[in-house]
Peer 1: 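This is the structure, below, for whatever I ask next.
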2 protein chains.
Amino acid sequence: MKMNANVCERLRSPVMKKTTIKDIANELNISPSSVSRALSDEPGVSPSLRKEIVDAAERLNYIPNSSAKSLKTRKTQTVGLIVSDIRNPFFLDFMSGVETVLFPRGYKFIVCDIGEDFEKERIYIKWLLEHGVEGILSSPCGGEDGRNNSRLYREAVRRNIPVVFYDRILEGLDRISSVTLDNRQAILQGVLHLKENGHRKLGIVLHKKGIYTIEERRMGFLEACKMLDIEINADWIIENAVDAERASLSLESVLKSDRRPDAIISTNQFLNEVIVATVRRMGLKIPGDLSIVGFDDHSMNELIEPPLTTIRQPVKDIGRIAATIMLSEIDGTRGDKSKVVLKAELLQRKSVSKLM
Amino acid sequence: MKMNANVCERLRSPVMKKTTIKDIANELNISPSSVSRALSDEPGVSPSLRKEIVDAAERLNYIPNSSAKSLKTRKTQTVGLIVSDIRNPFFLDFMSGVETVLFPRGYKFIVCDIGEDFEKERIYIKWLLEHGVEGILSSPCGGEDGRNNSRLYREAVRRNIPVVFYDRILEGLDRISSVTLDNRQAILQGVLHLKENGHRKLGIVLHKKGIYTIEERRMGFLEACKMLDIEINADWIIENAVDAERASLSLESVLKSDRRPDAIISTNQFLNEVIVATVRRMGLKIPGDLSIVGFDDHSMNELIEPPLTTIRQPVKDIGRIAATIMLSEIDGTRGDKSKVVLKAELLQRKSVSKLM
DNA sequence: TTGTAGGCGTTATCAG
DNA sequence: CTGATAACGCCTACAA
């Protein structure tokens with residue numbers, strides 16, 4: 001009866017005082033330092049005492065307070081993950097890659113969705129710094145106006161917390177490692193593939209202006225055309241295609257004009273969908289009336305009709321490598337900064353016709 | 001010259017001593033308490049002094065140490081977000097919804113990908129508790145063997161940190177709020193739609209056995225069939241379809257048999273793709289040879305041929321609501337636990353034929 | 001091997 | 001309005 005009441009009490013008590021190292025020490029009539037040592041696997045505690053301590057900790061439902069620990073040790077076992085826009089399917093595989101590397105090392109990560117917003121990025125970086133993250137993975141957003149948060153990223157580095165850019169970089173920050181795609185070469189592959197199949201009238205739909213990757217892809221397109229001796233038609237370059245409606249309308253007007261391209265290159269998964277939907281709506285046949293080269297491979301790109309020929313980037317690897325670099329910089333085992341550039345891969349499916 | 005050197009020194013110093021409230025106090029020859037008050041917008045500081053303090057903080061590049069703050073106040077402005085498997089596109093919209101609610105309130109979140117792994121979930125919950133999160137959003141995983149982490153979730157609640165389950169729940173934890181879909185009614189809608197279109201031979205492909213939502217969907221299917229007087233054929237119920245290869249093979253054998261269903265219901269986006277790919281591979285026409293009702297609407301479901309009729313759940317709302325409930329429980333402004341159940345919506349497209 | 005004491009950076013309680 | 005002082009929970013020399 002009595003016991004029952006006690007149990008009840010314990011379960012019902014709205015907020016129990018949390019047990020601390022001190023409580024365990026008192027319980028066992030020993031000093032807190034021994035408890036600390038035992039519980040953090042430090043040497044200098046006799047096996048028997050250690051066992052007693054571990055048992056008591058278990059019994060008293062002890063959970064370490066990492067705020068206190070961090071205050072003392074300056075380590076939080078936490079990193080920040082800044083993502084440009086979390087609705088981009090890119091981040092599923094990316095985060096999965098990151099997690100794969102961080103979990104075994106006991107690191108947690110705080111996800112910061114900045115939604116391509118410079119101000120929000122600023123706030124999140126501050127929060128991360130206050131929080132005491134040991135590192136930051138970021139795909140920074142660079143505004144069309146050229147403003148960006150490089151000052152804050154510098155501040156982080158100055159405070160000795162490593163930053164690793166992935167997918168995107170900020171120019172001029174040489175002391176920050178990065179893991180990116182060779183975007184120019186990626187587009188070159190697409191253009192080359194189109195040329196090899198007889199296409200000479202090439203259009204491209206570019207996502208938000210000012211974004212590093214998009215600008216690179218634009219440059220890649222121009223370079224590739226020059227290199228391969230393909231005439232560039234400015235009307236076929238659709239820029240700043242951020243809003244689905246408007247992008248679709250722009251594309252439609254291009255495809256309706258007398259001089260129209262016979263192939264379109266996309267620059268991300270969002271645009272793949274916009275392009276395919278638009279072409280469908282217009283009643284054009286893919287690839288009969290128009291060839292399409294997508295970008296960013298989603299598993300469903302294979303299921304649409306026709307299966308979409310796509311430029312694929314190794315997203316999960318980007319995550320794994322970025323996280324690995326960050327950890328080694330946290331460990332201090334890496335001197336120079338790394339600038340890793342990965343290659344894209346062209347998945348040939350059925351959305352490009354052979355014009356011979 | 002001198003100044004220049006100083007600046008250089010400052011920028012180059014590998015690790016600067018971080019400035020604290022004390023430093024600011026010394027700089028201004030005042031007490032740390034005033035600085036603290038000024039910097040946390042507490043009353044009791046003259047406007048003039050306050051301004052001085054804020055300026056000095058800015059000048060000295062002061063960044064608050066939230067470990068110290070948390071140690072004192074027991075507030076971390078951080079919550080944990082436990083996801084069953086981050087590769088599920090569900091989480092894109094979900095996290096977006098959560099972020100929308102948390103950001104304006106100054107809350108950060110730690111993402112924990114448990115990959116349907118009971119043990120990993122356990123470890124992550126412990127980490128979150130140690131970290132001092134103020135709340136936990138979780139889609140817990142319940143093993144096929146019936147084991148789960150309800151003990152740890154109880155422990156969290158006992159420590160007064162609110163847990164909100166979303167998408168999935170753990171039975172028996174009545175003191176934990178939840179936001180889920182009315183899974184049975186969702187499937188009922190699909191079955192009803194098929195019946196209305198003349199289908200009587202219904203199959204279903206179920207994802208991992210033991211997962212709450214999947215079990216509910218299974219029950220929903222059985223209930224709906226009984227209610228609508230549709231004969232249930234056990235051979236047409238494909239269970240534990242976790243691996244794409246194997247699921248595809250199972251489905252293929254069902255579709256090849258003499259007695260085969262004329263419609264298949266899916267139970268998540270992953271399976272939508274598996275089913276469509278399989279049917280395509282077999283050369284069957286959708287919906288001519290087989291009707292399909294998908295589950296979990298991905299934007300590309302509209303682009304495949306034919307556009308997939310799909311049961312859509314309001315994912316972003318689930319995220320928003322779950323986060324809102326959690327915050328109000330953190331604030332302590334909510335007494336009873338909420339059990340929110342949202343309805344699915346059937347998006348009629350072209351993958352269901354009319355058999356009349 | 002064990003214990004003692006001081007401090008990590010902040011906030012909160014009291015006095016002045 | 002401002003300042004001293006004592007925690008918060010843990011770690012870590014240093015001493016015993």
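In what follows, every heavy atom counts, from backbone to side chain, and hydrogens, waters and symmetry copies are set aside. Throughout, a chain's letter reflects where its sequence line sits, starting with A, and its residues are numbered from 1.
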Peer 1: Does this structure show an ion pair linking A:Arg175 with A:Asp336, if we count only N-O contacts that are shorter than 4.0 Å?
Peer 2: no
Peer 1: Can the positive tip of B:Lys120 be found less than 6.0 Å from the middle of the six-membered ring of A:Phe103, inside 45° of the ring normal?
Peer 2: yes
Peer 1: From CZ of A:Arg159 over to C1' of C:dG9, roughly how many Å is that when rounded to an integer?
Peer 2: 13 Å
Peer 1: Would you say the base of C:dT4 and the side-chain of A:Ser33 have a donor-acceptor pair closer than 3.5 Å?
Peer 2: yes
Peer 1: Please say whether more than 12 non-hydrogen atoms of neighbouring residues, nucleotides or ligands are located less than 6.0 Å from CZ in A:Arg50.
Peer 2: yes
Peer 1: OP1, OP2 of C:dG9 versus side-chain N and O of B:Lys22: anything below 4.0 Å?
Peer 2: no
Peer 1: So, are B:Glu116 and B:Arg168 salt-bridged, with charged N and O less than 4.0 Å apart?
Peer 2: yes
Peer 1: Closest approach to the side chain of B:Ser36, judged atom by atom: which nucleotide of D:dT2, D:dC11, C:dT11 is it?
Peer 2: C:dT11
Peer 1: At a heavy-atom distance below 4.0 Å, what parts of residues 44-51 of chain A sit against DNA chain C?
Peer 2: A:Gly44, A:Val45, A:Ser46, A:Leu49
Peer 1: Round to a whole Å and report the spacing from NE2 of B:His131 to C1' of D:dG9.
Peer 2: 15 Å
Peer 1: For the pair made of CG in A:Leu60 and P in D:dG9, what is the distance, rounded to whole Å?
Peer 2: 15 Å
Peer 1: Taking 4.0 angstrom as the limit, do B:Glu134 and B:Arg74 come out as a salt bridge?
Peer 2: no
Peer 1: Base, sugar-phosphate alone, or nothing: which one does A:Pro32 contact when heavy atoms must sit under 4.0 Å apart?
Peer 2: nothing
Peer 1: Could you tell me whether the phosphate oxygens of C:dC8, OP1 or OP2, come under 4.0 Å of any side-chain nitrogen or oxygen in A:Thr73?
Peer 2: no
Peer 1: Grab the NZ-C1' distance between B:Lys72 and D:dC8 for me, whole Å please.
Peer 2: 5 Å
Peer 1: Just the rounded figure in Å: distance from P of D:dC10 to NZ of A:Lys75.
Peer 2: 19 Å
Peer 1: Determine whether A:Val164 and A:Ser138 satisfy the following criterion, side chain to side chain contact (heavy atoms under 4.5 Å, CB included), listing intermediate values before the conclusion.
Peer 2: CA-CA 6 Å; A:Val164 176; A:Ser138 176; over 6 Å; no
Peer 1: Would you check, one step at a time, whether the test side chain to side chain contact (heavy atoms under 4.5 Å, CB included) holds for B:Ile136 with B:Leu128?
Peer 2: CA-CA 8 Å; B:Ile136 296 178; B:Leu128 291 177; 4.2 Å; yes
Peer 1: May I have the distance from A:Tyr62 (atom OH) to D:dG9 (atom C1'), rounded to whole angstrom?
Peer 2: 8 Å
Peer 1: With a 4.0 Å cutoff (strictly under), does any side-chain N or O of B:Ser31 reach OP1 or OP2 of D:dT2?
Peer 2: no
Peer 1: Answer with base, sugar-phosphate or nothing: what part of the nucleic acid does B:Arg37 contact at a heavy-atom distance below 4.0 Å?
Peer 2: base
Peer 1: Quick one: label B:Thr20 by what it contacts on the DNA or RNA (base, sugar-phosphate, nothing), any heavy atom closer than 4.0 Å.
Peer 2: sugar-phosphate
Peer 1: Specify the separation, in whole Å, of atom CD1 of B:Ile21 and atom C1' of D:dG3.
Peer 2: 14 Å
Peer 1: Expressed as a whole number of angstroms, how long is the span from A:Leu71:CG to D:dT12:P?
Peer 2: 12 Å
Peer 1: Phosphate oxygens OP1/OP2 of D:dG9: is one of them under 4.0 Å from a side-chain N or O of B:Arg74?
Peer 2: yes
